[in-house]
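Below is one structure, written out as structure tokens, with a few remarks after it.
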Amino acid sequence: MKKSTFSLLILFLIGITTSSQELTCADFRIGQFYIPDTKEMTKYTIVSKDSISEFTPERNSTIKKYIVIREENTQIEWKNGIGNGSPEYEIIEWIDDCTYRLTYDSAKSELDEGKRWINENNGIVVSKTRIENNCLYYTAIMTTKEDKKFRKTESSVRNKILCNIAHSKCGLST
């Protein structure tokens, strides 16, 4: 009887430790992640004082995903994989556990006009919409000095996605 009770206890403990763990915002603070690039994810909503419009910038169809290597307050983004082309260096300023401000690091690379403009307008505020499976869905908003808000548009992929590479790939191919 003691042997079977002990065996059940061991099986119970193994079950607890191997069951899937719910991810939190902390799981997306440091590590390697990927962002799949889809046509729908390039749409922006622009909200001005009394108008709302949509904007879809020209898309580079060769980009299929972004790989993000994130430390506590910095991240490096690679297009289509680590080592492909020139990385983008970014600074992260955490606002709370699930929200941060992203700007481009001019000390590590020369910024083009668009990146300088983003920095001059206090960067992009990224906030969690939800965590599902091993992916963090987020909304990215930039508010200009003229009080225009640029926001990622809701789409069939439900906002932008940041998937934790250390965990399973949330059903998307890397």
Distance col, row D105:CG vs N119:CG, nearest 0.5 angstrom, shows 9.0 Å
For the side chain of R70 and the backbone of F28, is there at least one donor-acceptor N/O pair under 3.5 Å apart? yes
For E113, look at atom CD and say whether over 12 heavy atoms of other residues, nucleotides or ligands are found less than 6.0 Å away. no
Residues T144 and N121: closest non-hydrogen pair is CA-OD1, 3.2 Å
CD1 of I30 to CD1 of I69, rounded to nearest 0.5 Å, is 13.5 Å
Closest non-hydrogen contact found for V126 with Y138 is CG1-CD1, 3.3 Å
### Query
So, does R116 use its side chain to make a donor-acceptor pair with the main chain of L111 at under 3.5 Å?
yes
Rounded to the nearest 0.5 Å, the CD atom of E22 sits from the CD atom of E132 at a distance of 11.0 Å
Measure the shortest side-chain to side-chain distance between I95 and Y100 over non-hydrogen atoms and say whether it is less than 4.5 angstrom. no
Minimal heavy-atom distance between C25 and I131, with the atoms involved, is N-CD1, 3.6 Å
Hey, is CG on D97 packed in by over 12 heavy atoms from elsewhere, all under 6.0 Å?
no
Item to check | Salt-bridge contact K148-E146 (side-chain N to carboxylate O under 4.0 Å) | outcome: no
| said: Does any part of the side chain of T143, heavy atoms only, come nearer than 4.5 Å to the side chain of N122, both counted from C-beta? | reply: no
When rounded to the nearest 0.5 Å, the distance separating OG1 of T74 from CG of L102 is 10.5 Å
Heavy atoms of G85 and W78 approach each other most closely as O-CZ3, 3.3 Å
Interatomic distance, CE@M142 vs OG1@T103, rounded to 0.5 Å, equals 12.5 Å
Original post:
Tell me, do I82 and Q32 make a side-chain contact under 4.5 Å, heavy atoms counted?
Top reply: yes
d(S86 OG, E77 CD) to nearest 0.5 Å is 13.5 Å
- Taking side chain as C-beta onward, heavy atoms only, is F33 less than 4.5 Å from Q75? no
Donor-acceptor check, side chain of D112 to backbone of G114, threshold 3.5 angstrom: yes or no? yes
| field | Hphob cluster co-occupancy, V125 + I91, side-chain heavy atoms under 4.5 angstrom | value | no
Review point. Can you tell if the side chain of Y104 reaches within under 4.5 Å of the side chain of S106, non-hydrogen atoms only?
Key: no
